[in-house]
> 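Once you've had a glance at the structure underneath, I'll fire off some questions.
Sequential numbering from 1 along the given sequence is applied to the chain's residues.
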Amino acid sequence: MAAARRIVIENCAIATVDADDTEYASGHLVLAGNRIESVGAGKAPEGLENVERRIDASGHLVTPGLINTHHHFYQWITRGLATDHNLFDWLVALYPVWARIDEPMVRAAAQGSLAMMARGGVTTAMDHHYVFPHGSGDLSGAIIGAARDMGVRFTLARGSMDRSEKDGGLPPDFAVETLDGALAATEETVRQHHDSSFDAMTQVAVAPCSPFSVSTELLRDGAQLARRLGVRLHTHGSETVEEEKFCHELFGMGPTDYFESTGWLGEDVWMAHCVHMNDSDIAAFARTGTGVAHCPSSNARLAAGIARVPDMLAAGVPVGLGVDGTASNESGELHTELRNALLINRLGAHKEAALNARQALRLGTYGGAQVLGRAAETGSLEPGKLADLVLWKLDTLAHASIADPVTALVFGAAAPVTASFVGGRQIVEDGRLLTADEDAIARATRDEARRLARIAAQG
């Protein structure tokens, strides 16, 4: 680091989200290359060499960059549809539309999804993409390319479906892959794109969609594939009461027991939603180290229920936050999920003791890093970790009268992002992307949404 270019950030409140929840009312960070060199109270050390920039961050809170653990980027071009449906009815309404997507649509939708998250403080994103219509092009390449161009750290959860309507599933017959085709394409995506290095910008996970859209063979073989390749596993789990009923009727057991029977519990697994979990389910997740992507806004939008996040955390289950697809969370932002996670969980059994501001921030940062298997590299502000961080402006009308900066960030209105860094590279300045043209993305997503609507209407 001695010869690396340095950026010095001073005069800011800092929430490190380290193991001790260390905070500084007025502190500094030194970034050296793509790493955090130092973080502490007061001014930065004197005599630093190769300082190319100094930032006076007065009036700001600096936190680790936000980490999104569940999303479906392609849904950006189907926002605002089926707004009064539960999950199964929503899927039945939208699967025929989604089955018409192609590479230009997916590229534009990925750009829109990534742009919205990045300008709101997300530095690590993920996408669970599982719809691969025949002849639709290189969808995985389009998504990964969009993340690379945006400058965001990224995990592609290469999804798949092989249980269609004719097999008792929900997707149309023409919207699924074969078992062998899905496994082969997933393996090729991992081999082509996955980077296992410490500072990797792109990683790939194996991610069959859900118990009601994939066969038992695809789940079991997918888990074996992931472990042979040394990558993580992701799917949807225990999202609705309908899913639980489906699993009992088809497999003779609940979702968690079914997942365990197919090799889908473990430290290399994380599941989205996990709303309907009993004590035994939570204990199984804790025992095996299985992670959870908590998506409060989407769960509310689809009336799925309130996940037992306080009980999961008390048991030791790794929990992060997810935007989920923007056809069930039209805002597409993760920083609003800090607040929504706290408020919605207080409607549950634990009431006002469910979550506090610092627990919510941890969910959106270090918890997400745990869930994605990257807690050694990111998720907290510590020397040696990747320089993924956000400067939140808290001295405006929206927050200035709230004395505690973490409370202001979580309980207050969505805070403006003055700067966001990924690996020491600034990607946002004063709420605008430095790596992409937001207006051009807006036009492209509007055009592709209209094109998809026309194609879907034609049947």
Side-chain angles (χ1 to χ4, degrees), residues 1-10 12 14 16-17 28-39 44 48-57 60-68 110-127 143-156 193 195-203 334-335 364-365 368-369 372 374-393 416-438 440-441:
M1 290 188 179
R5 62 174 182 83
R6 288 184 169 89
I7 298 174
V8 175
I9 304 169
E10 295 179 303
C12 49
I14 301 172
T16 68
V17 199
H28 71 272
L29 295 103
V30 178
L31 315 184
N34 69 349
R35 306 288 180 94
I36 297 170
E37 184 175 60
S38 68
V39 55
L48 291 173
E49 298 179 354
N50 301 320
V51 175
E52 68 172 27
R53 185 178 177 195
R54 288 184 177 271
I55 299 174
D56 180 357
H60 290 77
L61 170 67
V62 179
T63 71
L66 300 184
I67 297 174
N68 182 37
Q111 290 171 333
S113 297
L114 286 159
M116 200 67 189
M117 286 188 293
R119 67 200 293 270
V122 168
T123 57
T124 298
M126 71 80 66
D127 182 34
I143 297 164
I144 289 170
R148 181 185 60 243
D149 294 344
M150 199 74 62
V152 172
R153 210 173 299 283
F154 181 60
T155 295
L156 174 68
H193 296 290
D195 180 358
S196 60
S197 65
F198 183 91
D199 56 356
M201 291 298 291
T202 303
Q203 296 196 333
L334 190 68
H335 60 311
T365 53
L372 295 184
R374 305 206 66 175
E377 302 111 82
T378 189
S380 60
L381 302 178
E382 301 179 71
K385 282 199 166 186
L386 295 167
D388 297 357
L389 53 106
V390 181
L391 279 67
W392 307 94
K393 188 172 178 59
V417 173
T418 294
S420 182
F421 293 86
V422 180
R425 177 195 182 196
Q426 188 172 351
I427 64 168
V428 175
E429 183 169 15
D430 294 331
R432 297 286 294 185
L433 291 168
L434 297 176
T435 54
D437 184 335
E438 296 179 27
I441 292 173

> Report the distance from atom NE2 of His60 to atom CD1 of Ile14, rounding to the nearest 0.5 Å.
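These two atoms lie 13.0 Å from each other.
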> Quick one: does Arg148's side chain have a donor or acceptor within less than 3.5 Å of a partner on Ile143's backbone?
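Judged by distance alone, no pair lies under 3.5 Å.
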> Flag the pair Val390 / Ser420 as yes when at least one side-chain heavy-atom distance between them is below 4.5 Å, and no otherwise.
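A side-chain contact under 4.5 Å exists here.
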> Using atom types as modelled and distance alone, determine if a side-chain donor or acceptor of Glu10 lies under 3.5 Å from a backbone N or O of Arg54.
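Absent.
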> Are the side chain of Asp388 and the backbone N or O of Gly423 linked by a donor-acceptor pair below 3.5 Å?
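Looks like yes, one N/O pair under 3.5 Å.
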> Restricting to side chain to side chain contact (heavy atoms under 4.5 Å, CB included), what partner residues turn up for Ser196, sequence neighbours left out?
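Checked Ser196 against side chain to side chain contact (heavy atoms under 4.5 Å, CB included); matches are His194.
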> Using the test side chain to side chain donor-acceptor pair (under 3.5 Å), find all partners of Asp437 that sit at least two apart in sequence or belong to another chain.
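With sequence neighbours excluded, Asp437 shows a side chain to side chain donor-acceptor pair (under 3.5 Å) to no residue whatsoever.
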> Nearest 0.5 Å please: distance from the OG atom of Ser380 over to the CG atom of Leu386.
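Answer for the OG-CG pair, Ser380 versus Leu386, is 10.5 Å.
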> Sub-3.5 Å donor-acceptor pair from the side chain of Arg153 to the main-chain atoms of Asp199, do we have one?
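Such a contact is found between Arg153 side chain and Asp199 backbone.
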> Under the 3.5 angstrom rule, does the side chain of Arg6 hit a backbone N or O of Glu49 as a donor-acceptor pair?
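Yes, because the side chain of Arg6 sits within donor-acceptor range (under 3.5 Å) of the backbone of Glu49.
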> Going by the side-chain contact (heavy atoms from CB on, under 4.5 Å) test, name the single residue among Leu29, Val428, Leu391, Asn34 that passes it with Phe421.
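Passing option: Leu391.
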> Counting only N and O atoms by type, is there a donor-acceptor contact under 3.5 Å from the side chain of Lys393 to the main-chain atoms of Ala419?
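No, Lys393 side chain to Ala419 backbone: no donor-acceptor pair under 3.5 Å.
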> Do you know which two heavy atoms are closest between Leu66 and Leu334, and how far apart they sit?
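Smallest interatomic distance, heavy atoms only, reads CB-CD2, 3.9 Å.
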> Counting only N and O atoms by type, is there a donor-acceptor contact under 3.5 Å from the side chain of Glu37 to the main-chain atoms of Leu31?
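Not confirmed, Glu37 side chain does not pair with Leu31 backbone.
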> What I'd like to find out is whether the side chain of Phe154 reaches to under 4.5 Å of the side chain of Thr124, using heavy atoms alone.
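No - every pair of side-chain heavy atoms lies 4.5 Å or more apart.
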> Could you state the interatomic distance from OG1 (Thr435) to CD (Glu429), rounded to the nearest 0.5 Å?
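Thr435 OG1 to Glu429 CD: 12.0 Å, rounded to 0.5 Å.
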